[in-house]
Colleague: 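Shown below is the structure under consideration.
As the structure is a prediction and not an experimental result, all values here were calculated from the model.
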Amino acid sequence: MKLQTLAVLNAERAARRPVIVVTDTANGEQRLVKAKDFAADPLRTELTKQLRMGKSGTIEAGGKKLFLNVYAPTAKLVIVGAVHISQALAPLARSLDYDVTVVDPRTAFASPERFPDVPLIAEWPDVALPPLNIDHYTAFVALTHDPKIDDPALLHAFERDCFYIGALGSRKTHAKRAERLKAQGAKDSDIARIHAPIGLSIGAVSPSEIAVSIMAEITAQLRLPKEKEAAA
């Protein structure tokens, strides 16, 4: 790899922006494609697919065999609410290689005893969330059922373009949440991004089962092709 290509690669990775290095396996020629340039690239379909799957691989295009080396940021999961569901969700997400952080200002809940080996921030969202550098490669779940905690956290998630946003509560609870968020400046498009009731509909009852349904929904959002991609 040329030094200039390596320098660009390292800069993009440091900024948590995905890139793919395309290598011609016959002659070793390489080029780096930034995610923002995928749409204009002749390999846009293949690049998008490999990035979505988070895996490098070999493809054939234009009579050439090409190796697509995918560099995607490590996905984050920010859990607002140190509740029973979170106790099951945090280790499950970590087993899937997510960087997990739990936020809850209620120190009785956010204790190391309840969340061993999981980073905890016992602060209100306005203090806890900005330093986490939440971005598009972050899944964000709000689980406290307390508007004073969940609402400002969700507003922050909207601003940071998280790839998944979910919130605990029934449809009736969510309708009230939506009205509160709109009153605080949230747009209809923001509200539409919230997965609520949270998790896939698998009949989950226990905290552990609900955690599985949440992680399954997050995985689907990350890995499955979007409608316009599937139609391409």
Colleague: Using a cut-off of 6.0 Å, state whether more than 12 heavy atoms not belonging to H174 lie near its atom NE2.
Modeller: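 It does: H174 NE2 has more than 12 such atoms within range.
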Colleague: Take E60 and L66, measure what side-chain contact (heavy atoms from CB on, under 4.5 Å) needs, and give me the verdict at the end.
Modeller: CA-CA 6 Å; E60 290 190 9; L66 306 172; over 6 Å; no
Colleague: State whether the number of non-hydrogen atoms from other residues, nucleotides or ligands found under 6.0 Å of R171 atom CZ is greater than 12.
Modeller: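 At most 12 heavy atoms, drawn from other residues, nucleotides or ligands, come within 6.0 Å of this atom.
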Colleague: Cluster question for you: counting only ILVMFWY and a side-chain heavy-atom cut-off of under 4.5 Å, with indirect links fine, are M215 and V83 together?
Modeller: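 Same cluster: M215 reaches V83 through Ile, Leu, Val, Met, Phe, Trp or Tyr contacts under 4.5 Å.
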Colleague: Could you grab the distance from atom CG of D37 to atom CZ of R44, nearest 0.5 Å is fine?
Modeller: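 These two atoms lie 13.0 Å from each other.
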Colleague: Can you check whether V70's main-chain N or O pairs, donor with acceptor, with S56's side chain at less than 3.5 Å?
Modeller: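 It does hold such a pair.
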Colleague: If you measure from CD on Q221 to CG on L200, what distance do you get to the nearest 0.5 Å?
Modeller: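 CG of L200 is found 10.5 Å from CD of Q221.
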Colleague: Check whether any side-chain heavy atom of H195 sits under 4.5 Å from a side-chain heavy atom of I218, and report yes or no.
Modeller: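 No - every pair of side-chain heavy atoms lies 4.5 Å or more apart.
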Colleague: Determine whether V141 and I85 make a side-chain contact, defined as any pair of heavy atoms from C-beta on separated by less than 4.5 Å.
Modeller: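 Answer no - side chains too far apart.
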Colleague: Starting at CD of Q50, measure out to OG1 of T58 and round the result to the nearest 0.5 Å.
Modeller: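 One gets 9.0 Å once the value is rounded to the nearest 0.5 Å.
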Colleague: Are L224 and M53 in one and the same hydrophobic cluster, where Ile, Leu, Val, Met, Phe, Trp and Tyr link if side-chain heavy atoms are under 4.5 Å apart?
Modeller: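 No, L224 does not connect to M53 through the hydrophobic network.
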Colleague: If I compare all heavy atoms of P147 with all of H145, which pair ends up nearest, and what's the gap?
Modeller: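 So the minimum-distance heavy-atom pair works out to CD-O, 3.6 Å.
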Colleague: Is the side chain of Q87 donor-acceptor paired with the backbone N or O of R114 at a distance under 3.5 Å, no angle test?
Modeller: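 Judged by distance alone, yes, a pair lies under 3.5 Å.
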Colleague: Could you check if a side-chain atom of K64 sits within less than 4.5 angstrom of a side-chain atom of T25, using non-hydrogen atoms only?
Modeller: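 Contact flag for K64/T25 side chains = no.
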Colleague: Indicate yes or no for a side-chain donor-acceptor contact from N69 to the backbone of V21 under 3.5 Å, with no hydrogens or angles considered.
Modeller: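 It does not hold such a pair.
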Colleague: Can you find a heavy atom in the side chain of L77 that is under 4.5 Å from one in the side chain of T138?
Modeller: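 In short, these two side chains do not touch, never coming nearer than 4.5 Å.
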Colleague: Looking only at heavy atoms, which two atoms of A88 and A211 are closest? And how far apart?
Modeller: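 Looking at all heavy atoms of both residues, the closest pair is CB-CB, 3.7 Å.
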Colleague: Are the side chains of V103 and I79 in contact, using a 4.5 Å heavy-atom criterion?
Modeller: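 Contact flag for I79/V103 side chains = no.
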Colleague: Got a salt bridge between K187 and D190, using NZ or NE/NH1/NH2 to carboxylate O under 4.0 Å?
Modeller: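 Result for this pair is yes, salt bridge flagged.
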Colleague: Run the salt bridge (Lys or Arg N to Asp or Glu O under 4.0 Å) test against K148 and tell me which residues pass, sequence neighbours left out.
Modeller: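 D146.
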Colleague: Less than 4.5 Å apart, any side-chain heavy atom of L47 and any of L68?
Modeller: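 Yes, close enough: below the 4.5 Å cut-off.
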Colleague: Restricting to non-hydrogen atoms, name the atom on L154 and the atom on R177 that form the minimum distance, rounded to 0.1 Å.
Modeller: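 That would be CD1-CD, 3.7 Å.
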Colleague: Okay, side chain of S95, backbone of L92: is any donor-acceptor separation there less than 3.5 Å?
Modeller: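 Yes: the side chain of S95 pairs with the backbone of L92.
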Colleague: Can you see which heavy atom on G81 is nearest to which on R106, and at what distance?
Modeller: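 Residues G81 and R106, closest heavy atoms: CA-NH2, 4.5 Å.
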Colleague: What verdict does the side-chain contact (heavy atoms from CB on, under 4.5 Å) test give for T74 and Y98, after you've listed the backbone C-alpha separation in whole Å, the side-chain angles of each residue and the deciding distance to 0.1 Å?
Modeller: CA-CA 7 Å; T74 300; Y98 282 71; over 6 Å; no
Colleague: Would you list the atom pairs, donor with acceptor, under 3.5 Å between side chains in residues 116-132 and any protein atom, with sequence neighbours excluded?
Modeller:
none

Colleague: Let's go through F67 and V22 carefully: what are the C-alpha distance in whole Å and the side-chain angles of both, what is the deciding distance for side-chain contact (heavy atoms from CB on, under 4.5 Å) to 0.1 Å, and is it a yes or a no?
Modeller: CA-CA 6 Å; F67 184 75; V22 182; over 6 Å; no
Colleague: Anything under 3.5 Å between a donor and an acceptor, one on a side chain of residues 158-166, the other on a protein residue two or more places apart or in another chain? List them.
Modeller:
from, atom 1, to, atom 2, distance (Å)
R160, NE, I134, O, 2.8
R160, NH2, I134, O, 3.3
D161, OD2, H136, ND1, 3.4
Y164, OH, E217, OE1, 2.6

Colleague: Between K76 and D99, does any side-chain N to carboxylate O distance fall below 4.0 Å?
Modeller: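 A salt bridge is absent here (no side-chain N lies under 4.0 Å from a carboxylate O).
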Colleague: Could you tell me if the side chain of D104 sits less than 4.5 Å from the side chain of V80, heavy atoms only?
Modeller: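 No, side chains not in contact.
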Colleague: With R31 as reference, evaluate D41, D24, T5 under the side-chain hydrogen bond (donor to acceptor under 3.5 Å, both in side chains) test and give the passing residue.
Modeller: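 Among the candidates, only D41 passes.
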Colleague: Report yes or no: do V33 and L51 belong to one cluster of Ile/Leu/Val/Met/Phe/Trp/Tyr joined by side chain heavy-atom distances under 4.5 Å?
Modeller: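 Yes, it is one cluster - the side chains of V33 and L51 are joined through contacts under 4.5 Å.
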Colleague: Nearest 0.5 Å, what's the CE-CD distance between M1 and Q30?
Modeller: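 Rounded to the nearest 0.5 Å, the CE-CD separation comes out at 5.0 Å.
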Colleague: Taking R17 for its side chain and A35 for its backbone only, find out whether a donor-acceptor pair lies under 3.5 Å.
Modeller: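 Judged by distance alone, no pair lies under 3.5 Å.
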Colleague: Could you check whether any side-chain heavy atom of L222 comes within less than 4.5 Å of a side-chain heavy atom of T219, counting everything from C-beta outward?
Modeller: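 Counting from C-beta outward, L222 and T219 never come under 4.5 Å.
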Colleague: What's the separation between atom CD1 in I210 and atom CG in L168, rounded to the nearest 0.5 Å?
Modeller: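 That separation rounds to 6.5 Å.
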Colleague: Same cluster or not: are F115 and I214 linked, directly or through other Ile, Leu, Val, Met, Phe, Trp or Tyr residues, by side-chain heavy atoms under 4.5 angstrom apart?
Modeller: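 As far as the 4.5 Å side-chain criterion goes, I214 and F115 are connected within one cluster.
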Colleague: Could you state the interatomic distance from OH (Y71) to NZ (K34), rounded to the nearest 0.5 Å?
Modeller: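 Output value for this atom pair is 15.5 Å.
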Colleague: Ignoring hydrogens, what is the shortest heavy-atom contact between A153 and F140? Give both atom names and the distance.
Modeller: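 For A153 and F140, the tightest heavy-atom pair comes out as O-CZ, 3.3 Å.
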Colleague: Give the C-alpha distance, both sets of side-chain angles, the deciding distance and a yes or no for side-chain contact (heavy atoms from CB on, under 4.5 Å) between K182 and I191.
Modeller: CA-CA 8 Å; K182 288 179 184 178; I191 306 299; 4.3 Å; yes
